[in-house]
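A quick write-up on the structure given underneath.
Each chain gets a letter, A, B and so on, in the order its sequence line appears, and its residues count up from 1. Note that the structure is predicted; figures quoted are calculated from it, not measured.
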Number of protein chains: 2
Amino acid sequence: MTYTIKQVAEKTHLSIYTLRFYDKQGLLPFVSRDQSGYRAFTDGDLLLLHTLSCLKNTGMKISDIRQYMTLVMQGPASIPQRQQLLRTHRDAVLAQQRAIARNLQEVDRKLSLYDSPIATDLVGLELAAARKEKTANGLPDPFSKLI
Amino acid sequence: MTYTIKQVAEKTHLSIYTLRFYDKQGLLPFVSRDQSGYRAFTDGDLLLLHTLSCLKNTGMKISDIRQYMTLVMQGPASIPQRQQLLRTHRDAVLAQQRAIARNLQEVDRKLSLYDSPIATDLVGLELAAARKEKTANGLPDPFSKLI
DNA sequence: ATAAACCCTAGACCATGCTCTAGGGCAACC
DNA sequence: GGTTGCCCTAGAGCATGGTCTAGGGTTTAT
């Protein structure tokens, strides 16, 4: 049992364009062609495609995915390099997740400010201070450009 | 006290290019110009720039940041719209974080497979099965292209 | 045997987010 | 008054990751 590119696109929710693009980028070295030159995806290929999606969805760059898939093609001997690649990626993703969480905290702070019953007053004070700072420095007041 | 674009670049770790690009994109409507047409950043501007960085670092698109900054320029009256924008963004970021965590779990599964003492055997079996699947379907074996 | 519905490649095109270059003005020091 | 070191704009260029078009072959059903 093999699958056409259309069937794989439906299964993976990747577009046919994207699948062909990935192939062109060397991300699908495991996919064979039939007599007509058509890509024939096996179930094993779908598993590798799933791995590819996980790497892509965690933000791995195409060049790194290509490297990983190349290592996969080389069999068990490449396990150490695969480990290193995945571990490096994993660490980068976790660091990025932490950075995003930190930055999102600040967004949350803004949101709780806006949720305050005196939000209007606080924001009004902030605005007044900003305008004052501008004029104190002999600068035009950008907040009145809206008039 | 105001800051030049160079000083702001140093403080924020954004490049001068990026700051000018952001300004061109309408992300810095609050920054005034001095008599020479030079950007003059105030301390209040730096706070807004910090907010901008948080939004950018959590992946908000430039068009949405522009919208937020435009709302900020309008003063307290725009608080409801700001809330909606930030909440939508916050929810999207959290959903994205969860999606990444899910995908990273699969990467971790791969890593623990590679960590297994019988990793070589398991990977070897997988490879053998994949090759068998290809030939069973009358397809060329892509794993021998390396010879 | 011809239409419909697939498949292919090469390469153009696009969106996003910068990054850099060219050409020119301002400001301070020697 | 020239050199240095900033500042400016407009617009070109680039990296990434697709997305689409043109031109052409294959398969299946009628």
Side-chain angles (χ1 to χ4, degrees), chain A residues 2-29 31-42 45 49 52-69 89 92 96 100 103 137-140 142, chain B residues 2-29 31-42 45 49 52-69 89 92 96 100 103 137-140 142:
Chain A
T2 64
Y3 308 93
T4 66
I5 196 171
K6 193 187 187 198
Q7 290 170 322
V8 173
E10 281 157 7
K11 275 179 190 287
T12 60
H13 306 297
L14 298 171
S15 76
I16 291 181
Y17 297 141
T18 301
L19 287 168
R20 286 207 266 246
F21 170 70
Y22 285 170
D23 197 6
K24 217 188 296 192
Q25 293 300 310
L27 270 40
L28 314 179
V31 176
S32 290
R33 303 299 183 105
D34 66 13
Q35 281 81 354
S36 308
Y38 292 8
R39 291 172 188 86
F41 293 79
T42 62
D45 292 348
L49 217 34
L52 191 160
S53 284
C54 290
L55 296 176
K56 178 184 82 83
N57 291 339
T58 51
M60 187 183 274
K61 292 205 302 183
I62 283 183
S63 55
D64 286 348
I65 300 179
R66 174 169 44 235
Q67 205 188 332
Y68 180 74
M69 290 303 169
H89 175 60
Q96 179 64 9
I100 290 176
N103 282 280
N137 283 294
L139 298 171
Chain B
T2 64
Y3 308 93
T4 66
I5 196 170
K6 193 188 186 195
Q7 291 170 321
V8 173
E10 281 158 6
K11 275 178 189 289
T12 60
H13 307 295
L14 297 170
S15 76
I16 291 181
Y17 296 140
T18 301
L19 287 167
R20 286 207 267 246
F21 169 70
Y22 286 170
D23 198 5
K24 216 187 298 191
Q25 294 298 310
L27 270 40
L28 314 179
V31 176
S32 290
R33 303 298 182 106
D34 67 14
Q35 280 82 356
S36 307
Y38 293 6
R39 291 172 188 85
F41 293 79
T42 62
D45 293 347
L49 217 35
L52 190 159
S53 285
C54 290
L55 296 176
K56 177 184 81 81
N57 290 340
T58 52
M60 187 182 274
K61 292 205 301 183
I62 282 183
S63 55
D64 285 348
I65 300 180
R66 176 169 45 234
Q67 206 188 333
Y68 180 75
M69 290 303 168
H89 175 60
Q96 179 64 9
I100 290 175
N103 282 280
N137 284 293
L139 299 170

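- Across the protein-nucleic acid pair, B:I5 atom CD1 and D:dT9 atom P stand 8 Å apart, rounded to whole Å.
- Contacts of A:R39 with the nucleic acid, taken as non-hydrogen atoms under 4.0 Å apart, involve only primed sugar atoms and P, OP1 or OP2.
- In this structure, B:Q25 places its CD atom 13 Å from C1' of D:dG11, rounding to the nearest Å.
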Legend entry - Audit row: B:D23, B:R33, salt bridge (charged side-chain N to carboxylate O under 4.0 Å, His left out) steps and yes/no: CA-CA 12 Å; B:D23 198 5; B:R33 303 298 182 106; 3.3 Å; yes

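- Out of D:dG18, C:dG17, C:dT19, the shortest distance to the side chain of B:K61 is found at C:dG17.
- Between the side chain of B:Y38 and the base of C:dG25 there is at least one donor-acceptor pair of N/O atoms closer than 3.5 Å.
- The side chain of A:S15 places no N or O atom within less than 4.0 Å of a non-bridging phosphate oxygen (OP1 or OP2) of D:dG18.
- Distances shorter than 4.0 Å separate none of the side-chain N or O atoms of A:T4 from OP1 or OP2 on C:dC6.
- As judged by a 4.0 angstrom heavy-atom cut-off over every strand, A:R33 is placed among residues touching the sugar-phosphate backbone only.
- Atom P of nucleotide C:dC7 and atom OH of A:Y17 are separated by 12 Å, given to the nearest angstrom.
- Nearest-nucleotide assignment on DNA chain D puts the 5′-proximal partner with A:F21, out of A:Q35 and A:F21.
- For the pair A:K24 NZ and D:dC20 P, the interatomic distance rounds to 14 Å; values are reported in whole Å.
- Atom CD1 of B:I16 is separated from atom C1' of D:dC6 by 9 Å (rounded to the nearest Å).
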